[in-house]
There are 2 protein chains.
Amino acid sequence: MSSPVNVAVDRRSPVPLYFQVAQQIEAMIDRGELLPGARLENEVVLADQMGLSRPTMRQAIQYLVDKGLLVRKRGVGTQVVHGQVKRNVELSSLHDDLLRANQYPTTKVISATVVPATDDIAVALHQPPGAEVVRLERLRYANDQPLAILQNWLPTGLADLTPERLERQGLYALLRAVGVTLRVASQRIGARAATGREATLLTERRGAPLLTMVRTTYDDSGRAVEYGSHVYRPALYSFEMALVER
Amino acid sequence: MSSPVNVAVDRRSPVPLYFQVAQQIEAMIDRGELLPGARLENEVVLADQMGLSRPTMRQAIQYLVDKGLLVRKRGVGTQVVHGQVKRNVELSSLHDDLLRANQYPTTKVISATVVPATDDIAVALHQPPGAEVVRLERLRYANDQPLAILQNWLPTGLADLTPERLERQGLYALLRAVGVTLRVASQRIGARAATGREATLLTERRGAPLLTMVRTTYDDSGRAVEYGSHVYRPALYSFEMALVER
DNA sequence: TAGTGGTCTAGACCACAGT
DNA sequence: CTGTGGTCTAGACCACTAC
């Protein structure tokens with residue numbers, strides 16, 4: 001009844017055991033060795049087979065459940081979800097998203113200046129009203145087609161945000177490179193009509209539907225490090241995600 | 001340096017200990033007893049104070065980290081995130097979302113019929129091509145204003161989806177009531193212009209921007225139980241969510 | 001009744017951050 | 001160096017499902 005799971009862990013590796021197991025099970029699903037609906041053996045048996053304790057095995061399975069690849073039912077067992085779900089669990093930037101989809105992103109920096117924060121920006125970044133913040137405006141292309149207008153505000157002094165660097169890599173990669181660990185974000189996705197300026201930049205018509213996203217991102221100290229307000233051309237971009245009931 | 005956490009657990013309660021702890025810490029954050037940026041005591045001390053083991057305490061903290069309320073940094077400690085994030089971790093239906101926001105949702109069922117599945121619906125629901133499926137079309141109002149057109153397809157025989165029931169409660173609540181446990185969903189959010197029919201139903205202009213969402217939902221056996229294609233008026237609705245880096 | 005995942009304990013050692 | 005979270009073990013009992 002149960003599908004065999006053939007996984008071996010390397011105890012000398014610095015990679016956590018639960019993560020090794022999770023990666024290998026995910027690879028088996030990708031390769032079709034574990035088909036949708038397949039039932040895995042129970043946690044105790046799996047743990048024994050791999051020479052792990054049950055909590056470690058559970059951690060591996062829980063990781064894949066959170067990722068939307070497996071479902072568990074008490075008294076029944078663990079099964080592979082039918083159909084593929086978006087595996088992305090990361091706090092990803094548009095730049096990395098496009099790279100992953102082989103979309104060859106390029107960026108034009110429209111402006112990168114230091115300005116006093118307006119009230120709403122100050123609140124979002126938890127800065128005193130009127131504090132100086134960095135304001136970025138970029139135009140992001142995918143395969144040489146204009147895709148999105150990205151407006152961002154950051155506290156000053158976080159990183160050296162020169163236009164050259166911003167055109168070579170994404171903002172998130174740049175922040176990570178200077179030791180900022182992005183951890184949590186709160187975002188809102190909506191839609192509205194393009195303004196004249198947006199339409200011009202994105203080669204759309206004024207009033208054309210645009211997808212919008214505003215996001216505040218916090219680092220591993222819980223401080224707000226970035227506020228973004230982006231508009232996307234809906235024919236070229238949409239947001240995909242997995243939801244998991246806890 | 002550390003903020004005190006005053007929590008007591010009831011060991012006779014059927015509610016898991018880690019969940020009792022998590023709920024009480026969340027309540028303290030809501031009441032402002034734990035301010036943004038406040039550092040909690042370390043896991044071992046917290047566990048001792050509450051008479052719990054460290055793994056149980058960790059599980060409580062991890063729950064709140066996943067919810068976007070806390071951040072942890074190795075070697076440093078656990079802190080409350082600055083700014084408020086969307087707490088919602090559930091696989092929520094629009095109906096419940098509106099209820100929670102005191103928006104008084106009402107529903108008009110436009111059609112509820114059994115039809116042969118088109119190819120894309122059959123694929124999404126993992127049914128054989130042409131299999132009979134239930135097709136629903138509903139118009140959802142909030143405070144008597146038209147808010148969204150909801151199209152859904154489901155395998156037949158799941159539940160008795162009469163218009164009367166669908167107008168009294170949300171589809172998800174109806175499914176849960178007949179024992180379907182929704183577990184995982186994969187969704188895509190985009191935007192496009194309103195068609196003439198959509199514009200009429202939603203009292204918008206033809207070509208007005210609409211927010212779109214398509215979603216496939218799976219139950220705790222990993223089977224697809226619902227495919228939905230919805231359009232929303234962006235002035236009245238947007239999607240809000242927390243993202244957590246793992 | 002048998003088998004499953006859900007919860008919980010009481011330890012241990014390690015990796016990393018800040019001093 | 002000390003203190004923190006990250007990982008891991010080897011058990012235990014319980015709740016729920018299916019037969």
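In what follows, every chain begins at residue 1, and chains take the letters A, B, ... in the order their sequences are listed.
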**Q.** B/Arg135: salt bridge (charged side-chain N to carboxylate O under 4.0 Å, His left out) partners, not counting sequence neighbours
**A.** B/Glu137
**Q.** By salt bridge (charged side-chain N to carboxylate O under 4.0 Å, His left out) - contacts of A/Arg188 (at least two apart)
**A.**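 A/Arg188 satisfies salt bridge (charged side-chain N to carboxylate O under 4.0 Å, His left out) with B/Glu240 once adjacent residues are dropped.
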Q. OP1 or OP2 of D/dT7 sitting under 4.0 Å from any side-chain N/O of A/Thr56?
A. no
(Q) Using OP1 and OP2 only, check whether a side-chain N or O of A/Arg72 sits under 4.0 Å from C/dG6. (A)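 Answer yes for this pair, as a side-chain N or O of A/Arg72 is under 4.0 Å from OP1 or OP2.
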Q: Could you encode protein contacts along nucleotides 14-19 of chain C as a string, one character per nucleotide from 5' to 3', using B for base contact, S for sugar-phosphate-only contact and - for no contact, with a heavy-atom cut-off of under 4.0 Å?
A: -BBS--
Q. Taking only residues two or more places apart in sequence or in another chain, which ones pass ring pair (Phe, Tyr, Trp, His ring centres under 6.0 Å) with A/His230?
A. none
Q | Sequence neighbours excluded - salt bridge (Lys or Arg N to Asp or Glu O under 4.0 Å) pairs with any residue from residues 152-166 of chain A | A | none
Name the closest nucleotide to the [X] side chain, picking from [options].
X: A/Arg54; options: D/dA10, C/dC13, C/dG6; answer: C/dG6
X: B/Asn42; options: D/dT9, C/dG5, D/dT4; answer: D/dT4
X: A/Ser53; options: D/dA10, D/dT7, C/dC8; answer: D/dA10

Using distance only, find each side-chain donor-acceptor pair of residues 44-53 of chain A under 3.5 Å and give its atom names and separation, not counting sequence neighbours.
residue, atom, partner, partner atom, Å
A/Gln49, NE2, A/Glu41, OE2, 2.9
A/Ser53, OG, A/Thr56, OG1, 3.2

Q.
At a heavy-atom distance below 4.0 Å, what parts of residues 14-25 of chain B sit against DNA chain D?
A. none
Q) Is there a side-chain contact between A/Glu26 and A/Leu69, using heavy atoms and a 4.5 Å cut-off? A) yes
Q: Would you please name every residue forming a side-chain hydrogen bond (donor to acceptor under 3.5 Å, both in side chains) with B/Glu33, sequence neighbours left out?
A: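 side-chain hydrogen bond (donor to acceptor under 3.5 Å, both in side chains) list for B/Glu33, sorted by chain: B/Arg31.
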(Q) Show every ring-ring contact (aromatic ring centres under 6.0 Å, His included) that has at least one partner inside residues 21-56 of chain B, sequence neighbours left out. (A)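 Matches after skipping sequence neighbours: none remain.
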